[in-house]
Number of protein chains: 2
Amino acid sequence: MARKRLTREESRDQTHQRLLEAAALVIAKKGFAAASVEDITAQAGYTRGAFYSNFKSKAELFIELLSQDHQCVRQDLHQILDAPQSLEAIEEQITQYYLRVYRDEKNFILWAEARVLALRDAKFRAKLNAYCLEKRDDIADVIERFYQMRGSKPPAPPKDLAFSTMALIDGMRFFNETIPKELPDEAAQNALGVIFTSTFFK
Amino acid sequence: MARKRLTREESRDQTHQRLLEAAALVIAKKGFAAASVEDITAQAGYTRGAFYSNFKSKAELFIELLSQDHQCVRQDLHQILDAPQSLEAIEEQITQYYLRVYRDEKNFILWAEARVLALRDAKFRAKLNAYCLEKRDDIADVIERFYQMRGSKPPAPPKDLAFSTMALIDGMRFFNETIPKELPDEAAQNALGVIFTSTFFK
DNA sequence: GAACTCTAATACATAGTTGTATTTGAGTTC
DNA sequence: GAACTCAAATACAACTATGTATTAGAGTTC
């Protein structure tokens, strides 16, 4: 039960990370605007002093939180996609990967919060857009390689098709979350599948 | 310049409506959570007394605001779609209609706010879902009639396709709003067009 | 037009939030 | 181990928001 005696830097990093995790919980639960600094630090087991000593503002904390999730998702995605493979394998792996991400309710809510915040905070929007474009480009790469493998031409610029894909998935995820009864997983996947198939495989 | 002397009911209705309009402005500007009752009434030229005399809560006001917009949009849509017409005419009119709705930034933001609020307020979500399903059914009707006219079978249940359509449009609208530089109107429309075409016209 | 009624203003009491200024104490340096 | 440094706690002052209770005054009723 010997608890390690932390160095100052380790201790600070621990606080920093705990605050981020607590913020994820509280923001998902109450929403970004309604989540007070007090709420976040209390959830993490600290007082507000810890917050102001670690972050300049709530928005800054939030963007760091999103950054971490973005990097995680991105890394996972690359691990799947970077090895060259067959069309069928890619399809299968993307589906599997997608199902995994799709299930994570907390992070889904965080990104939804982030999007509305981006509508009115220009600085925040700039950061978020950067992540968004990275993701788009990753997806556009896949689409481009996909069409190359098939030897056909994409029906629109791959980057635009990538935006469409992201829009479609996010939007469906929203309905799936708020009206699960009317749009169960199977229906959502089926509808997505139809559109993907007809767009990318026709 | 003779200002009409209003009856009590007229006066009350006027206040009610003005508060709704002011709320639309303020909520779009600051977000639902950050928009205080004071902000809203001040914007309308009243004090908080007017608010509490007209609404039970901010959420109730908001849902009424959304209801009005929903009914407007719906009525407009029906006016276009209810008269039987050719495939080409429908396509053209939907495009025109869509472009009009697509432009309205304020209401777009309001619905985005509404969606995140729906994630955590069950009562609010129930109301919003009702509007959402009405819209889905309207669109599903169009899709169904569309395939009947063409004499082919829809590739998925029309209601699910309707959800996809809504998801896609909302999602693209979001990118178009936050990253207009990367996704200008033409690109968004083009990408949407490709997906619609390949899904519905293949 | 006097008594009445209801809408919106005002007053009030409470509670929550923010950021900074200051203090405390655990880690660091020598 | 004494002096030092910095992360986090605490204290503080200003501000904002909420809902209700009460009041004022414009419409209504007779």
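In the text below, chain A, chain B and the rest are named by the order of the sequence lines, each starting its count at 1.
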Minimum side-chain heavy-atom gap [X]-[Y] below 4.5 Å:
X: A/Val73; Y: A/Asp69; value: yes
X: A/Gln75; Y: A/Gln79; value: no
X: A/His16; Y: A/Leu20; value: yes
X: B/Asp170; Y: B/Arg115; value: yes
X: A/Leu128; Y: A/Trp111; value: yes
X: B/Arg173; Y: B/Glu105; value: yes
X: B/Ile109; Y: B/Lys29; value: no
X: B/Phe51; Y: B/Tyr46; value: no

Between the first and last five pairs of the helix from C/dG1-D/dC30 to C/dC30-D/dG1, the angle of the axes, rounded to 10 degrees: 10°
First-last contacting nucleotides on DNA chain C - partner chain B, under 4.0 angstrom, heavy atom: C/dT5 to C/dC12
What donor-acceptor contacts under 3.5 angstrom involve side-chain atoms of residues 183-193 of chain A, with partners at least two apart or in another chain?
from     : atom 1 : to       : atom 2 : distance (Å)
A/Asp185 : OD1    : A/Asn176 : ND2    : 3.2
A/Asp185 : OD2    : A/Arg103 : NH1    : 3.2
A/Asp185 : OD2    : A/Arg103 : NH2    : 2.9

Once you round it to whole Å, what is the distance between [atom2] of [N] and [atom1] of [X]?
X: B/Phe55; N: D/dG19; atom1: CZ; atom2: P; result: 14 Å
X: A/Glu10; N: D/dA7; atom1: CD; atom2: P; result: 14 Å
X: A/Leu6; N: D/dA8; atom1: CG; atom2: P; result: 11 Å

B/Lys153 to B/Tyr147 six-membered ring, cation-pi geometry met (6.0 Å, 45°): no
Proximity to DNA chain C (any heavy atom under 4.0 Å), residues of residues 13-35 of chain A only: none
Minimal non-hydrogen separation, B/Ala50 against B/Thr15, with atom names: CB-CG2, 4.1 Å
Between A/Glu21 and A/Gln68, a side-chain donor and acceptor under 3.5 Å: no
Residue pairs involving residues 32-44 of chain B (criterion side chain to side chain donor-acceptor pair (under 3.5 Å); sequence neighbours excluded): B/Lys30-B/Asp39, B/Ser36-B/Asp39, B/Glu38-B/Arg48
Nearest-nucleotide comparison on DNA chain D, the residue closer to the 5′ end among B/Glu9 and A/Ser11: A/Ser11
Within residues 37-50 of chain A: residues closer than 4.0 Å to DNA chain D (heavy atoms): A/Tyr46, A/Thr47, A/Arg48, A/Gly49, A/Ala50
Sugar-phosphate, base or nothing in reach of A/Arg8, heavy atoms under 4.0 Å: base
